[in-house]
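For the single chain, residues carry numbers from 1 onward in sequence order.
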Amino acid sequence: MGQVEPRSKLRPCHCRKRCRTLYAHDLATGALRWVWTDQRHGTDIGDRPNSTATVYGSRIFLTRACNALVAAVDRTTGRAISQRQIHTELYGDTEYRLSVADETGALYVGSHDGGGRVRALEQSTGAERWSARVPGAVYRLALTDRVLVVASANGVTGLDRATGRRLWSRAMTPTDGGLATGGGLAFVADDSPEIPVLEVASGRLLRRIPVGVSTCGYALARGRLFAVGTSTSGERSILALGR
C-alpha cells in the first residue's frame with residue numbers, strides 16, 4: 001500500500017523516481033494537508049503526466065496510465081484504502097487517465113487496452129463488476145440515471161450502468177475535448193464546427209448545434225451548456241448555449 005508521510009518529511013517527488021505522489025492542499029489557504037506516496041507500483045515513464053484523481057464522497061480514486069493502477073485514498077487523511085493493478089493487453093502503455101464514480105459503489109474506468117474498454121470496479125476493493133469493449137480509445141465518460149455514456153475514438157456508446165451491456169452505439173469521430181449529459185441529452189465534441197446532440201436513451205442524433213468553431217471543455221449548469229471554442233486561427237472563447 002501507499003504511505004502517508006508526516007509533514008516534516010514532505011518533499012516533491014520527481015517522476016523518474018520509482019514512486020508517485022498525491023498532494024492535498026487546503027482550498028482556502030493553500031496549506032498542505034497531507035501527502036500520499038505510492039512506492040509499490042512505480043514505473044519510469046519520464047516526465048509524461050500519468051494519473052488523474054476522481055473525488056467522490058470521502059474517497060479519492062487515482063487512475064494511473066503508466067501501470068494500469070487504480071487506488072483509493074481517504075479524502076481527509078490520505079490513508080490508502082485499496083490498490084489494484086488491472087491486467088491489460090497493453091501493459092506499460094495503457095491509458096487509465098479518467099474515471100467516474102457513483103452512489104452504487106462503482107468506479108467506472110476507461111482505457112484503450114484491446115482497442116478500447118470500460119471497467120466497472122468496486123470502490124472499496126477494486127474488484128471488477130463488469131468489463132465492456134467500446135470502439136476505440138476512451139476519451140470521456142458521463143453518468144446518467146441508467147446509462148454510462150462513453151465517447152471514444154471511433155464512436156459514442158451507451159452502456160447499462162449495472163451490467164455493462166451495450167444499449168446503443170453510434171459511429172462518429174469524437175475528439176478528446178468534451179462530453180456532457182443532462183436532461184436526457186448527450187453533447188459530444190467532434191472535429192466539426194458543430195455540437196452533436198444525442199438522445200441518451202437511444203443514441204439517436206437529435207440535432208447538431210452550429211457554433212462555427214471547434215469546441216472542448218463542456219459543462220452543464222443552470223440549463224446552459226458552456227464550452228471552450230477554438231477558431232481556425234487559434235483564438236479561444238467561452239460559449240454559453242441554451243439547451
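- In this structure, I209 is not a member of the same hydrophobic cluster as V156, with clusters built from ILVMFWY side-chain heavy atoms closer than 4.5 Å.
- M172 CE to L198 CG: the interatomic distance, rounded to the nearest 0.5 Å, is 5.5 Å.
- Taken to the nearest 0.5 Å, the CH2 atom of W36 stands 13.0 Å off from the CG atom of D74.
- Annotation: D26, atom CG; neighbour count of heavy atoms from other residues, nucleotides and ligands within 6.0 Å is above 12.
- R75 places a side-chain N or O within donor-acceptor distance of the main-chain N or O of G57, the cut-off being under 3.5 Å.
- In this structure, G136 and N154 approach most closely via the heavy-atom pair CA-ND2, 3.8 Å.
- Taken together through direct or relayed side-chain contacts under 4.5 Å among Ile, Leu, Val, Met, Phe, Trp and Tyr, L167 and V200 form part of one hydrophobic cluster.
- Using a 4.5 Å cut-off on side-chain heavy atoms (C-beta onward), V100 and L148 make contact.
- The backbone N or O of V118 sits nowhere less than 3.5 Å from a side-chain atom of W130 that would complete a donor-acceptor pair.
- Salt bridge present: E103 and R161 bring a charged side-chain N and a carboxylate O closer than 4.0 Å.
- Checking side-chain atoms of E128 against main-chain N and O of L121 turns up no donor-acceptor pair under 3.5 Å.
- Under a hydrophobic clustering in which Ile, Leu, Val, Met, Phe, Trp and Tyr are joined whenever their side-chain heavy atoms come within less than 4.5 Å, directly or via other members, V213 and V197 fall into the same cluster.
- Residues V211 and V188 do not share a hydrophobic cluster, clusters being chains of Ile/Leu/Val/Met/Phe/Trp/Tyr side chains in contact below 4.5 Å.
- Residues Y23 and L32 meet the side-chain proximity criterion, which asks for heavy atoms closer than 4.5 Å.
- Judged by distance alone, with hydrogens and angles left aside, the side-chain atoms of T157 form no donor-acceptor pair with the main-chain N or O of V150 at under 3.5 Å.
- A donor and an acceptor atom, one from each side chain of R117 and S131, are located under 3.5 Å apart.
- Shortest non-hydrogen contact noted between G164 and L159 is O-CD2, 3.7 Å.
- Of the inter-residue distances, the one linking W168 atom CH2 with D160 atom CG reads 13.0 Å to the nearest 0.5 angstrom.
- A 4.5 Å side-chain heavy-atom check between S192 and R208 finds at least one atom pair inside the cut-off.
- Connection of V147 to L141 is not established within any shared hydrophobic cluster, with ILVMFWY side chains joined at heavy-atom distances below 4.5 Å, either directly or through further cluster members.
- A pairwise comparison of heavy atoms in L205 and P196 identifies CD1-CB, 4.0 Å as the closest pair.
- Taking 4.5 Å as the limit, some side-chain heavy atom of L225 sits within range of a side-chain heavy atom of Y218.
- For the pair T215 and V228, the minimum side-chain heavy-atom distance is 4.5 Å or more.
- When all heavy atoms of T144 and V149 are compared, the closest pair comes out as CG2-CG2, 4.4 Å.
- Nearest heavy-atom pair, G182 versus L220, reported as atom, atom and distance to 0.1 Å: N-CD1, 3.6 Å.
- Remark: R236 CZ is loosely packed, at most 12 non-hydrogen atoms of other residues, nucleotides or ligands lying under 6.0 Å away.
- Distance check, rounded to the nearest 0.5 Å: CG of L185 to CZ of R207 gives 6.0 Å.
- For the residue pair E199 and S202, a side-chain donor N or O sits within less than 3.5 Å of a side-chain acceptor on the partner.
- Between the side chain of R170 and the main chain of G203, a donor-acceptor pair closer than 3.5 Å is present.
- Using a 4.5 Å heavy-atom threshold, the side chains of D102 and Y108 count as touching.
- A donor-acceptor distance shorter than 3.5 angstrom exists from the side chain of R166 to the backbone of R133, with no hydrogens or angles considered.
- Closest non-hydrogen pair, A142 versus T181, comes out as CB-CG2, 3.7 Å.
- The CD atom of Q123 sits 7.0 Å away from the OG1 atom of T104 when rounded to the nearest 0.5 Å.
- Atom CZ of F187 is separated from atom CG of L241 by 8.5 Å, given to the nearest 0.5 angstrom.
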